[in-house]
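This report concerns only the one structure given below.
Numbers restart at 1 for each chain; the letters A, B, ... are given by sequence-line order, proteins then strands.
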Amino acid sequence: MLRIEPRTFRGTRDFLPSELIPRRRIVRVIEEAYRRYGFQPLETPAIEYLDVLTGKSEENDKLIYEIRRARGDAEETAESAIALRYDLTVPLARVAAQYATLPRPFKRYQIQPVWRADRPQPRQGRYREFVQCDADILGTESPLADAEILALTHEVLTALDFEDFRIRLSSRKFLAGLAHVVTGDVRHFGAFCRCLDKLDKIGWDGVESEFQANDIPATAARSLVTQLMATGGESPDFSATRKLVGSNAAALNGLAEIETVYTAALDLGVSRRSLAFDATLARGLDYYTGAIFETVLPGLPHLGSLTGGGRYDGLVATFSKENVPATGTSIGLDRIQTALTQLERFKAEPSETQVLIARFDDAGVAKSLELAATLRRAGVRVEIWYDNDRMKKQFAFADQQQIPFVAVCGPDERERGIVSVKNLATQQQVTVPEADLAAHLHAALATMGK
RNA sequence: GUGGCUGUAGCUCAGUUGGUUAGAGCAUUGGAUUGUGGUUCCAAGGGUCGGGGGUUCAAAUCCCCUCAGCCACCCCA
């Protein structure tokens with residue numbers, strides 16, 4: 001018999017309990033923040049029709065996983081070709097176009113995996129299957145919506161105890177205006193953005209040669225952007241920025257929006273040090289039309305962005321006659337987990353069980369089951385021991401699994417109607433009346449913060 | 001997609017100029033210890049040396065191919 005080698009597909013991972021337990025806690029923090037901001041949940045299928053997913057961003061079409069059946073019976077037509085979703089934004093736009101009954105504004109959050117066929121790199125928090133936590137607001141052009149997305153991002157990262165993070169803010173309109181100012185030609189917009197985006201990686205000399213390679217006046221561009229950077233950052237001087245871009249309408253327009261978003265974000269509680277206006281932020285996804293933002297950790301520069309998003313007022317219209325303005329962000333669960341791991345703040349937790357009821361002897365089985373039932377009804381997370389093993393083995397198990405308490409009910413205890421409860425961390429063992437066991441554990445767990 | 005590095009036990013690794021039956025630590029299981037974990041001691045199990053081909057009397061070791069993993073870039077969450 002041929003044995004199949006057990007393995008996982010490149011860029012995908014199993015989440016064993018000791019990793020999943022703290023990972024789910026992160027998800028809970030994010031979800032609670034989303035709910036506090038008034039977002040409603042949405043889930044969509046992992047599989048979408050290919051034509052729904054493609055054509056939004058040329059670069060990314062190449063990274064879409066198409067699905068091919070191992071034993072396809074019919075030839076796939078363009079309409080029936082299917083693929084794994086690449087992000088959650090495009091499915092959302094599809095949903096917005098497909099259901100006329102959705103409220104406006106429509107605020108939804110969605111926490112689900114997406115798949116991209118690029119090369120995995122764990123140190124950078126990059127995988128082929130990863131979970132995005134998206135929050136988006138459809139149906140308003142108001143900059144307050146963009147500001148609320150920034151505040152939400154700030155709130156989540158703060159709740160996760162990130163001490164130093166930077167939300168970079170810019171605008172597609174502003175960048176388009178800049179590109180026009182520098183090159184006199186809007187067609188250079190894409191190349192202009194890509195070059196600029198590389199600044200923090202390859203420095204100005206590198207960017208200048210990139211500009212030249214793309215027929216963009218390098219010296220002029222460098223001079224303008226250098227000055228822009230001086231007026232931006234964590235305490236931006238927007239009136240100084242305005243003077244630099246002159247009379248270009250798109251640039252002025254975009255800048256005004258940035259300023260409004262920035263100010264409203266501060267009003268919503270975003271700290272100055274965590275928010276920066278950054279003219280070198282470009283972002284790749286082609287569907288962004290207005291404000292764009294992403295979050296990085298200055299302490300972990302090799303890591304990709306923790307969050308990324310922006311305004312995409314034209315996307316829903318690719319599925320509908322109706323044009324629905326939209327803005328939102330994606331928080332990368334795996335990036336967050338990677339960051340916390342590298343900051344040594346992500347601790348493995350093998351079990352959530354609070355008490356193990358040991359099996360002392362056969363005669364005590366019924367009593368143990370009764371105790372377990374009572375405790376479970378009282379909301380305690382309980383495990384029982386199934387086999388007739390020695391105490392040593394049962395305690396060793398509880399220790400390994402970091403189960404805080406072991407309850408033993410042997411002949412002595414049974415005779416007196418009590419239970420011995422040992423706290424494995426303090427090594428202290430007490431006896432409590434059977435009837436008080438739940439109350440005792442609740443109190444003890446509460447003082448331990450569990 | 002481009003470039004580089006690395007593959008030996010579940011994990012981290014050692015293995016001499018190619019030389020007998022491939023080792024260690026950790027982990028696992030059992031015992032020392034039949035009412036109680038972490039320490040200690042003893043023992044055991046666990047290996048297609050990533051896979052295939054080649055050179056050789058002889059390959060974990062040298063050569064070729066291939067697969068996988070990692071790192072940087074690209075891009076992004």
Side-chain angles (χ1 to χ4, degrees), chain A residues 2-3 5-13 16 30 57-63 85-89 111-134 153 156 193-195 197-198 201-202 206 210 281-286 288 292-297 301-310 328-339 356 358-361 364 385 388-414 420-429 431:
Chain A
L2 182 75
R3 196 165 20 237
E5 181 67 24
R7 68 222 128 108
T8 43
F9 178 59
R10 175 159 206 200
T12 68
R13 296 155 295 161
L16 301 186
I30 295 171
S57 171
E58 295 168 37
E59 287 293 313
N60 299 323
D61 284 3
K62 294 184 292 191
L63 299 179
R85 63 168 166 245
Y86 170 91
D87 67 7
L88 302 179
T89 309
I111 300 173
Q112 289 193 279
V114 303
W115 294 267
R116 296 185 191 175
D118 56 11
R119 188 167 296 198
Q121 223 153 298
R123 193 174 105 93
Q124 299 176 9
R126 189 160 93 179
Y127 299 94
R128 286 180 169 172
E129 177 183 64
F130 59 98
V131 170
Q132 291 195 319
C133 311
D134 278 32
T153 302
V156 165
C193 290
R194 275 190 293 279
C195 296
D197 202 42
K198 293 179 187 172
K201 299 243 175 180
I202 61 179
E210 290 272 328
L281 172 66
R283 309 228 81 232
L285 262 33
D286 293 338
Y288 290 123
I292 49 177
F293 25 83
E294 70 173 28
T295 309
V296 292
L297 296 180
H302 60 274
L303 200 70
S305 51
L306 261 54
T307 83
T329 196
S330 181
I331 296 184
L333 176 61
D334 302 277
R335 289 281 161 85
I336 285 172
Q337 186 182 326
T338 302
L356 172 69
R359 168 164 171 154
F360 187 81
D361 54 14
W385 195 260
N388 213 343
D389 291 311
R390 296 189 293 170
M391 286 298 104
K392 176 186 171 67
K393 188 168 177 177
Q394 303 184 37
F395 272 83
F397 175 82
D399 183 47
Q400 273 179 340
Q401 294 294 299
Q402 293 171 30
I403 297 170
F405 293 98
V406 176
V408 180
C409 195
D412 301 347
E413 286 90 351
R414 264 176 270 143
S420 293
V421 180
K422 182 166 184 178
N423 179 328
L424 293 206
T426 64
Q427 302 188 58
Q428 298 199 328
Q429 185 163 316
T431 58

Pairs under 3.5 angstrom, nitrogen or oxygen only, protein versus nucleotides 43-48 of chain B, please.
none

Legend entry - A/A396 side chain, from C-beta outward: closest of B/A72, B/G37, B/G35: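 Nearest listed nucleotide: B/G37.
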
Inset, instruction - Name the closest nucleotide to the A/D399 side chain, picking from B/C75, B/G35, B/G37. - result: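 Selected nucleotide (nearest to the side chain): B/G37.
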
Inset, instruction - Looking at every strand, decide which applies to A/L306 at a 4.0 Å heavy-atom threshold: base, sugar-phosphate, or nothing. - result: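 If one applies the 4.0 Å heavy-atom cut-off, A/L306 turns out to touch the sugar-phosphate alone, with no base involved.
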
Inset, instruction - Determine the contact category for A/G308: base if any of its heavy atoms lies under 4.0 Å from a base atom, sugar-phosphate if only primed atoms, P, OP1 or OP2 are that close, otherwise nothing. - result: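 Contact class for A/G308: sugar-phosphate only.
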
Using 0.5 Å steps for rounding, measure from the [atom1] atom of [X] to the [atom2] atom of [Y].
X	Y	atom1	atom2	value
A/R119	A/L63	CZ	CG	12.0 Å
A/T431	A/D412	OG1	CG	11.0 Å
A/L424	A/Q429	CG	CD	9.5 Å
A/W115	A/R128	CH2	CZ	14.5 Å

Dump every N/O contact between nucleotides 68-70 of chain B and the protein below 3.5 Å, one line per pair.
from, atom 1, to, atom 2, distance (Å)
B/G69, OP2, A/R10, NE, 2.8

Legend entry - First of A/K422 and A/V131 reached from the 5' end of RNA chain B, by closest nucleotide: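 Nearest nucleotide further toward 5': that of A/K422.
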
Legend entry - 5' priority, RNA chain B, between A/L424 and A/T307 [closest heavy atom]: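 The residue closer to the strand's 5' end, by nearest nucleotide, is A/L424.
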
Distance check needed: [N] [atom2] versus [X] [atom1], whole Å only.
X	N	atom1	atom2	result
A/L16	B/G10	CG	C1'	12 Å
A/F360	B/G35	CZ	P	6 Å
A/Q124	B/A72	CD	C1'	8 Å
A/W385	B/U36	CH2	P	15 Å
A/R116	B/G1	CZ	P	17 Å
A/D286	B/C75	CG	C1'	12 Å

Legend entry - Distance-only donor-acceptor test, A/E413 side-chain atoms vs B/G35 base atoms, 3.5 Å: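 Side chain to base: pair found, below 3.5 Å.
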
Inset, instruction - Can you check whether any acceptor in the base of B/U36 is under 3.5 Å from a donor in the side chain of A/Q427, or vice versa? - result: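 By the distance-only test, no, there is no pair.
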
Legend entry - 4.5 Å side-chain heavy-atom contact, A/V114 and A/F130: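 The answer is yes; the side chains approach within 4.5 Å.
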
Just to verify, what does [X] make a side chain to side chain donor-acceptor pair (under 3.5 Å) with, not counting sequence neighbours?
X	value
A/D61	none
A/S305	none
A/R126	none
A/T153	none

Legend entry - For A/W385, all residues meeting ring-ring contact (aromatic ring centres under 6.0 Å, His included), sequence neighbours excluded: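 So A/W385 forms a ring-ring contact (aromatic ring centres under 6.0 Å, His included) with A/F397.
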
Legend entry - side-chain contact (heavy atoms from CB on, under 4.5 Å) against A/R13, all qualifying residues, sequence neighbours excluded: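 For A/R13, the residues satisfying side-chain contact (heavy atoms from CB on, under 4.5 Å) (neighbours in sequence not counted) are A/F15, A/Y127, A/D334.
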
Inset, instruction - Under the side-chain contact (heavy atoms from CB on, under 4.5 Å) rule, collect the residues that match up with A/Q400, sequence neighbours excluded. - result: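 Checked A/Q400 against side-chain contact (heavy atoms from CB on, under 4.5 Å); zero matches.
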
Between protein and nucleic acid, restricted to nucleotides 27-33 of chain B and to nitrogen or oxygen atoms under 3.5 Å apart, what atom pairs and distances do you find?
from, atom 1, to, atom 2, distance (Å)
B/U28, OP1, A/Q400, NE2, 2.5
B/G30, OP1, A/K393, NZ, 3.2
B/G31, OP2, A/R390, NH2, 3.0

Legend entry - Partners meeting salt bridge (Lys or Arg N to Asp or Glu O under 4.0 Å) with A/D361 (sequence neighbours left out):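 Counting only residues at least two positions away or on another chain, A/D361 forms a salt bridge (Lys or Arg N to Asp or Glu O under 4.0 Å) with A/R414.
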
Measuring only the [atom1] atom in each nucleotide, how far is [N] from [M]? A whole number of Å is fine.
N	M	atom1	result
B/C71	B/A27	C1'	28 Å
B/U56	B/C5	C1'	29 Å
B/G38	B/U28	P	11 Å

Legend entry - Dot-bracket pairing map - RNA chain B, Watson-Crick plus G-U, both contacts under 3.5 Å, | cross-strand: (((((((..((((.....[...)))).(((((.......))))).....(((((..]....))))))))))))....

